[in-house]
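In what follows, a single structure is set out as structure tokens and then discussed.
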Amino acid sequence: MKTQQKKLTRSFYTRNVLTVAKELLGKIFVKVENGNKILSGYIVEVEAYKGKVDQAAHSYKGKTKRNEVMFEEGGHLYVYFTYGVHFCANVVTGKKNEGDAVLIRAIEPVEGLNLMAERRFGKTELNEKEKINLTNGPAKICQAFNLGRKENGEDLTGGKIYLLDRPKIPTKEIIKTKRIGIKKSTGLLWRFYIKNNSYISKR
DNA sequence: ATCAAGATTACCT
DNA sequence: GGTAATCTTGATA
């Protein structure tokens with residue numbers, strides 16, 4: 001087994017949310033379905049949310065039924081429903097009760113393209129534009145990977161959904177910007193993405 | 001019991 | 001660039 005492709009363990013996730021956010025770039029997100037169907041892709045864009053200081057974080061005002069997974073120990077998946085239409089997926093970070101998580105905003109697909117295409121567009125033959133459009137946004141990822149209520153709270157150190165290690169992306173190839181779609185704490189530059197990657201949700 | 005807002009997307013002009 | 005879609009949650013009464 002290649003050491004570069006080892007599954008990330010608990011200690012990766014239980015660190016500071018900004019550190020984990022930047023290091024998540026380039027890692028491979030994997031979902032196993034029915035024990036064999038594999039969906040995977042490189043994480044290319046993320047945003048950090050820090051419960052204790054960040055007014056835009058769902059966890060800012062404390063634990064509720066909706067956001068309780070954010071207060072779990074790092075290494076869990078927080079999936080929430082929004083706008084009456086969409087799901088978004090986050091990687092919880094830090095110690096238990098920290099309330100920190102990283103929103104996965106864009107993925108470059110690697111395996112399971114046909115299944116993703118079927119779920120996104122109801123067909124498997126895609127043109128170039130549709131191919132880029134498969135997973136270049138937080139809710140698109142959830143549709144392509146079929147992440148919903150069932151996956152909320154999933155332990156990423158288990159066998160169904162997990163991340164594979166890859167070399168760190170060099171700091172100079174990481175672009176740092178304001179987060180998208182929020183109205184509070186807009187001054188924080190906590191969105192990170194890989195420079196020159198085609199699957200970024202928004203330039 | 002009621003209500004406003006929401007970590008978005010697709011489709012329109 | 002503008003906005004409808006669509007529903008759950010959390011706050012307030």
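The structure presented is a predicted model; accordingly, all values stated were derived computationally and were not measured.
Residues A:Tyr49 and A:Phe29 do not share a hydrophobic cluster, clusters being chains of Ile/Leu/Val/Met/Phe/Trp/Tyr side chains in contact below 4.5 Å. Both A:Leu163 and A:Phe192 are assigned to one and the same hydrophobic cluster, defined by single-linkage of ILVMFWY side chains at heavy-atom distances under 4.5 Å. Linking Ile, Leu, Val, Met, Phe, Trp and Tyr residues whenever their side-chain heavy atoms come within less than 4.5 Å places A:Leu8 and A:Ile141 in a single cluster.
Regarding A:Glu45, its CD atom lies at a distance of 16 Å from the P atom of B:dA7, rounded to whole Å. Distance, A:Tyr83 OH to C:dA4 C1': 13 Å, rounded to whole Å. Atom OH in A:Tyr80 sits about 8 Å away from atom C1' in B:dT8, given to the nearest Å. For the pair A:Lys184 NZ and B:dA7 P, the interatomic distance rounds to 8 Å; values are reported in whole Å. One atom, NZ of A:Lys61, and another, P of B:dA7, lie 11 Å apart when rounded to the nearest Å. Straight-line distance from the NZ atom of A:Lys183 to the C1' atom of B:dA4: 11 Å, rounded to whole Å. For the pair A:Glu68 CD and C:dT9 P, the interatomic distance rounds to 11 Å; values are reported in whole Å. Put simply, CZ on A:Phe192 is 19 Å from P on B:dA7, counting in whole angstrom units.
For A:Ile182 and A:Phe121, each mapped to the nucleotide of DNA chain B holding its nearest heavy atom, the one lying further toward the 5' end belongs to A:Ile182.
Nearest to the side chain of A:Thr64, among C:dG10, B:dG6, C:dA11, sits C:dG10.
Counting heavy atoms of neighbouring residues, nucleotides and ligands inside a 6.0 Å radius, atom NZ of A:Lys168 does not exceed 12 of them.
In this model, the phosphate group of C:dG10 is not approached by any side-chain N or O of A:Lys65 to a distance below 4.0 Å at OP1 or OP2.
Counting only distance, with no hydrogens or angles, the side chain of A:Arg120 and the backbone of A:Leu134 share a donor-acceptor pair below 3.5 Å. Between the A:Glu151 side chain and the A:Gly148 main chain, a donor and an acceptor come within less than 3.5 Å of each other. A donor-acceptor pair under 3.5 Å links the side-chain atoms of A:Asn127 to the main chain of A:Glu130, judged by distance alone. Side-chain atoms of A:Asp100 come within 3.5 Å of backbone N or O of A:Gly51 as a donor-acceptor pair.
In this pair, A:Tyr49 lays its aromatic ring flat on the base of B:dA7, centres within 5.5 Å and planes under 30 degrees apart.
Contacts of A:Arg179 with the nucleic acid, taken as non-hydrogen atoms under 4.0 Å apart, are absent. Within 4.0 Å of A:Phe81, counting heavy atoms only, lie sugar-phosphate atoms of the nucleic acid but no base atom.
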### Task
Starting from the C-alpha separation in whole Å, work towards a yes-or-no answer on side-chain hydrogen bond (donor to acceptor under 3.5 Å, both in side chains) for A:Glu45 and A:Ser201.
CA-CA 8 Å; A:Glu45 176 183 345; A:Ser201 66; 2.8 Å; yes
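Tested against A:Thr157 for a side chain to side chain donor-acceptor pair (under 3.5 Å), the candidates A:Lys7, A:Arg10, A:Glu73 yield a single pass: A:Arg10.
Taking a 4.0 Å limit (strictly below) on heavy-atom distances, residues 84-117 of chain A reaches DNA chain C at A:Gly84, A:Val85. Near DNA chain C, defined here as any heavy-atom distance below 4.0 Å, the residues from residues 122-150 of chain A are A:Arg149, listed numerically.
The aromatic rings of A:His58 and A:Tyr80 lie perpendicular to each other, with more than 60° between the two planes, well past the 30° mark.
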### Summary
Secondary structure of DNA chain C per the Watson-Crick/G-U criterion (both distances under 3.5 Å; [ ] crossing, | other strand, . unpaired) is |||||.||||||.
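Between A:Arg119 and A:Glu33 there is a salt bridge, with a side-chain nitrogen of the basic residue lying less than 4.0 Å from a carboxylate oxygen of the acidic one.
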